[in-house]
Amino acid sequence: MKLYAAVGKTDITDVSAKMHDNLFAKILLLSNGEKTVALISMDYICLGGGGIGVISKAFFPALKKELEKQGVCQVLCGTTHTHTHGRMITDEDVILQRILRKVQELKDELIPVTVGVAETK
């Protein structure tokens, strides 16, 4: 079975935030030529709000629905952790559009890859 991969990132920082380093959504796209999956890691505290973050519970279902329209059959989206005070990321709809645009770009950048495992002693 052939495997193809592409990686990229898109900036999700709020332009008004006073940040030392920008925040990103990092994407790994994997495909066997028929099915494509996306692994997304966002530099943020959490998805789904709950009083902690500003990304609503509606974000992930909307992301998944839009990625399915692009031919992505599975999505795994998680967050890293941050302790910065105040608003750090841009609006949710902007994040969604940036991720969708980057995934579309990555589909054109898929290259053949080999996966292997090794054991060391």
Side-chain angles (χ1 to χ4, degrees):
M1 174 178 78
K2 291 197 174 213
L3 182 64
Y4 303 89
V7 295
K9 65 183 180 180
T10 187
D11 197 320
I12 61 171
T13 310
D14 184 342
V15 293
S16 65
K18 295 182 182 191
M19 303 290 294
H20 183 269
D21 297 311
N22 285 7
L23 303 173
F24 294 93
K26 299 166 198 105
I27 304 159
L28 170 61
L29 210 59
L30 298 169
S31 178
N32 67 1
E34 294 179 23
K35 294 184 178 183
T36 302
V37 298
L39 286 74
I40 303 168
S41 173
M42 295 174 56
D43 292 337
Y44 197 57
I45 194 165
C46 71
L47 294 174
I52 298 173
V54 295
I55 299 177
S56 73
K57 290 181 182 179
F59 178 81
F60 184 71
L63 176 64
K64 186 173 187 237
K65 179 180 176 184
E66 293 302 315
L67 286 174
E68 284 174 350
K69 291 178 185 176
Q70 291 188 12
V72 176
C73 66
Q74 293 290 323
V75 180
L76 175 62
C77 187
T79 58
T80 56
H81 194 77
T82 181
H83 286 280
T84 304
H85 180 69
R87 183 171 182 87
M88 301 165 284
I89 59 173
T90 192
D91 295 330
E92 192 171 297
D93 58 332
V94 174
I95 294 170
L96 180 65
Q97 292 308 311
R98 289 180 182 173
I99 290 173
L100 294 173
R101 185 172 36 247
K102 181 52 73 173
V103 167
Q104 190 62 45
E105 291 171 11
L106 291 175
K107 286 176 68 181
D108 294 332
E109 297 175 12
L110 288 165
I111 60 170
V113 295
T114 302
V115 178
V117 295
E119 182 178 329
T120 61
K121 298 201 180 222

In residues 107-121, what donor-acceptor pairs under 3.5 Å come from side-chain atoms, sequence neighbours left out?
unit_1	atom_1	unit_2	atom_2	d
Lys107	NZ	Gln70	O	2.2

If Ile, Leu, Val, Met, Phe, Trp and Tyr residues are connected whenever their side-chain heavy atoms lie under 4.5 Å apart, and connections chain through other members, are [X] and [Y] in the same group?
X: Leu67; Y: Leu96; result: yes
X: Val75; Y: Tyr44; result: yes
X: Phe60; Y: Ile95; result: yes
X: Phe24; Y: Ile99; result: no

Please determine whether the number of non-hydrogen atoms from other residues, nucleotides or ligands lying under 6.0 Å from atom CD of Glu105 exceeds 12. yes
Just so I know, are the side chains of [X] and [Y] near enough to count as touching, which here means a heavy-atom distance under 4.5 Å?
X: Ile40; Y: Leu63; value: yes
X: Val37; Y: Leu76; value: no
X: Phe59; Y: Met42; value: yes
X: Leu29; Y: Thr36; value: yes

Quick one: side chains of residues 1-13, donor-acceptor pairs under 3.5 Å with protein atoms, not counting sequence neighbours, listed by atom name and distance.
unit_1	atom_1	unit_2	atom_2	d
Asp11	OD1	Thr13	N	2.7
Asp11	OD1	Thr13	OG1	2.8
Asp11	OD2	Asn22	ND2	2.6
Thr13	OG1	Leu23	N	2.6
Thr13	OG1	Leu23	O	3.3

Salt-bridged, Lys69 to Glu66, with N to O below 4.0 Å? yes
If only atom types and distance count, is the side chain of Asp91 paired as donor or acceptor with the main-chain N or O of Val94 below 3.5 Å? no
Rounded to the nearest 0.5 Å, the CD atom of Gln74 sits from the CD atom of Glu68 at a distance of 8.0 Å
To the closest 0.5 Å, what do you measure between CD1 (Ile27) and CG (Leu100)? 9.0 Å
